[in-house]
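Taking it in order: structure first as structure tokens, then the write-up.
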Amino acid sequence: MFDAAGRLIPIRRSVLLTKYERYVGIDWGSEKHRACCLSAAGKLLEWRWAEHSGEGLAGLVDWLMGMSEHQPTLVAVGIEVPRGAIVETLVERGFAVFSINPKQLDRFRDRYSPAGAKDDNRDAMVLADALRTDQHCFRQVRLDDPDVIRLREISRLEEDLSQDFYRLANQVREQLWRYFPQLLQLAALPEEAWIWDLFEMAALPGKAARLSLPKITRLLKKHRIRRFDAGQIHDLLAVAPVFVVPGTAEAASERILILLPRLRILQQQLSDVAKRIERILEEMGAVGPDCQPGEHRDATILSSLPGVGRKVSATVLSEASQALADRDYHGLRCLTGAAPITRQSGKKKQVFMRYACNQRLRNALHYWASGSIQFDPRSKQMYQEMRDRGLHHNRALRGIADRLLEMMISMLLHRTMYDPQRRVA
């Protein structure tokens, strides 16, 4: 819904609650799960253990089918996790599965045990009864598109590989700082392949000082390095080394030489993962038969926004898939941490930054806003206005990100690409 100026009016959608005949709570575990079944009136009907195996989950489905007279649509299942084998099995068989944040479940548990007692039976019963009485606090689980599942796993893998890569690069830097600090003047962090090749040519300062200009020239030409010339590097390597006790340089250089092959493998894997993500985004952005002329897919619309690149697109599309599908602006604000937390009592009112959110989405939104103020004049202007009002950098970026989310939802509702001439916020 939009106002006269064309701005999206954030209206909270009404929650339509469905009545079920059976309410099941499942306290999931790594090896087995505890299930509790209640009637619509809250009467305890039956308990059951289910092994985490194909046979065990099949037995759980058969048990639920028997409890609902083979009508899975009459059964609501409450569980803490929004995905996994048990969730996907139940959703695929037609059961209504609802997930809840573990912190919310902990608050529901206090209804039944103010002393803080906790066990598998109690958790399963609390899940079932809370779902029966407070269904609006749960989020119904829907199975994601196969492309979204693949994109989520690969984008998370890219983040893990990146952390491993920079962890190893920092280890190499620390060893160089011990005995060969002049090499770090070429790169503050040794994360480039040409630095590794240069180190392998001369791992000790004495040997590096004797490197010939032709060798250095060939190395720079091979890696297409133009910010340095051979003479600069030759002079830098000829600087007198720092003093270390005998054996330190040899031990540190040996450690670095052992780490370099791992860095090369991680670099190659990161390159491969980036190409895979780009291919998936291209496939998700391809125009399908359901699109009308002038309409675009979500991936294409998102990538047209200023400051959005491969990583931001992949993270938003995979981590917030359900909120995007629902065009849920409020849910997206909470997931990304853009919505603040207000605490008010009497005349006292405090507004805090939201910490309970998806950290990957928070980081993606931060980088999106940072890129937007560089490439989009309107975002840059709003950022400067917020800074002039005394807001610090990160708070101003969150304000920019909130407006970008509002604009993105409007674009998705109309299935149109970003047009700076039509922007009003």
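We use all heavy atoms of the structure for the numbers below, so side chains are in, but hydrogens, waters and symmetry mates are not.
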Can you check whether [X] reaches [Y] side chain to side chain, under 4.5 Å on heavy atoms?
X: L412; Y: L302; answer: no
X: P420; Y: R378; answer: no
X: R403; Y: M382; answer: yes
X: W368; Y: L305; answer: yes
X: Q350; Y: T342; answer: no
X: P82; Y: V87; answer: no
X: Q359; Y: N363; answer: yes
X: T133; Y: R111; answer: yes

Check against side-chain contact (heavy atoms from CB on, under 4.5 Å), S372 and L404: CA-CA 9 Å; S372 179; L404 290 173; 3.9 Å; yes
Which residue pairs satisfy the salt bridge (charged side-chain N to carboxylate O under 4.0 Å, His left out) criterion with at least one member in [range], sequence neighbours excluded?
range: residues 114-130; answer: R109-D123, K118-D123, D129-R132
range: residues 226-235; answer: E192-R227
range: residues 254-273; answer: D197-R264, E200-R264, D272-R276

Closer than 4.0 angstrom, basic N to acidic O: yes or no for [X] and [Y]?
X: D144; Y: R150; answer: no
X: R152; Y: D145; answer: no
X: R360; Y: E159; answer: yes
X: D110; Y: R107; answer: no

Who passes side chain to side chain contact (heavy atoms under 4.5 Å, CB included) against [X], sequence neighbours left out?
X: W47; result: R34, C36, L44, N121, A124, M125
X: E158; result: L270, V273, A274, I277, R310, K311
X: M353; result: Y355, R362, R398

Just how far is it from atom [atom1] of [X] to atom [atom2] of [Y], taken to the nearest 0.5 Å?
X: M411; Y: T416; atom1: CE; atom2: OG1; answer: 5.5 Å
X: R48; Y: W63; atom1: CZ; atom2: CH2; answer: 7.0 Å
X: M417; Y: T300; atom1: CE; atom2: OG1; answer: 6.0 Å
X: R167; Y: S162; atom1: CZ; atom2: OG; answer: 10.0 Å
X: N358; Y: E319; atom1: CG; atom2: CD; answer: 4.5 Å
X: C357; Y: L332; atom1: SG; atom2: CG; answer: 11.5 Å

[X] atom [atom1]: more than 12 heavy-atom contacts under 6.0 Å:
X: E92; atom1: CD; result: no
X: E55; atom1: CD; result: no
X: Y367; atom1: OH; result: no
X: R93; atom1: CZ; result: no

Intermediate values then yes/no, side-chain contact (heavy atoms from CB on, under 4.5 Å), K32 and H52: CA-CA 5 Å; K32 58 183 180 179; H52 189 74; over 6 Å; no
For [X] and [Y], which heavy atoms make the closest approach, and how far apart are they?
X: R173; Y: A188; result: NE-O, 3.1 Å
X: L324; Y: V316; result: CD1-O, 3.7 Å
X: I79; Y: I26; result: CG1-O, 3.6 Å
X: C137; Y: I100; result: O-CG1, 4.2 Å
X: L127; Y: G78; result: CD1-O, 3.9 Å
X: S253; Y: A203; result: CB-O, 3.7 Å

Using only atom types and a distance under 3.5 Å, with no angle test, would you say the side chain of [X] pairs donor to acceptor with the backbone of [Y]?
X: S379; Y: D376; result: no
X: S345; Y: K348; result: no
X: W177; Y: V172; result: no
X: S321; Y: L317; result: no
X: R224; Y: K221; result: no
X: S304; Y: Y418; result: yes
X: H234; Y: A230; result: no
X: T248; Y: V244; result: no
X: W196; Y: P190; result: yes
X: Y179; Y: L176; result: no

Test log, rule side-chain contact (heavy atoms from CB on, under 4.5 Å), inputs Q185 and L236: CA-CA 8 Å; Q185 296 182 32; L236 184 64; 3.2 Å; yes
Salt bridge (Lys or Arg N to Asp or Glu O under 4.0 Å) between R333 and D328, intermediate numbers included: CA-CA 9 Å; R333 293 182 76 216; D328 185 358; over 6 Å; no
Aromatic plane relationship, F138 with F108 - under 30° parallel, 30 to 60° tilted, over 60° perpendicular: parallel
Plane angle bin for Y383 and H393 - parallel if under 30°, tilted between 30 and 60°, otherwise perpendicular: perpendicular
Within 45° cone and under 6.0 Å: R139 NZ/CZ vs F98 ring: no
Audit row: Q175, R178, side chain to side chain donor-acceptor pair (under 3.5 Å) steps and yes/no: CA-CA 5 Å; Q175 296 304 316; R178 292 176 62 188; 2.9 Å; yes
Side chains of E385 and Q381, donor plus acceptor under 3.5 Å: yes
Worked check of side chain to side chain donor-acceptor pair (under 3.5 Å) between E406 and Y329: CA-CA 7 Å; E406 179 184 4; Y329 169 63; 4.5 Å; no
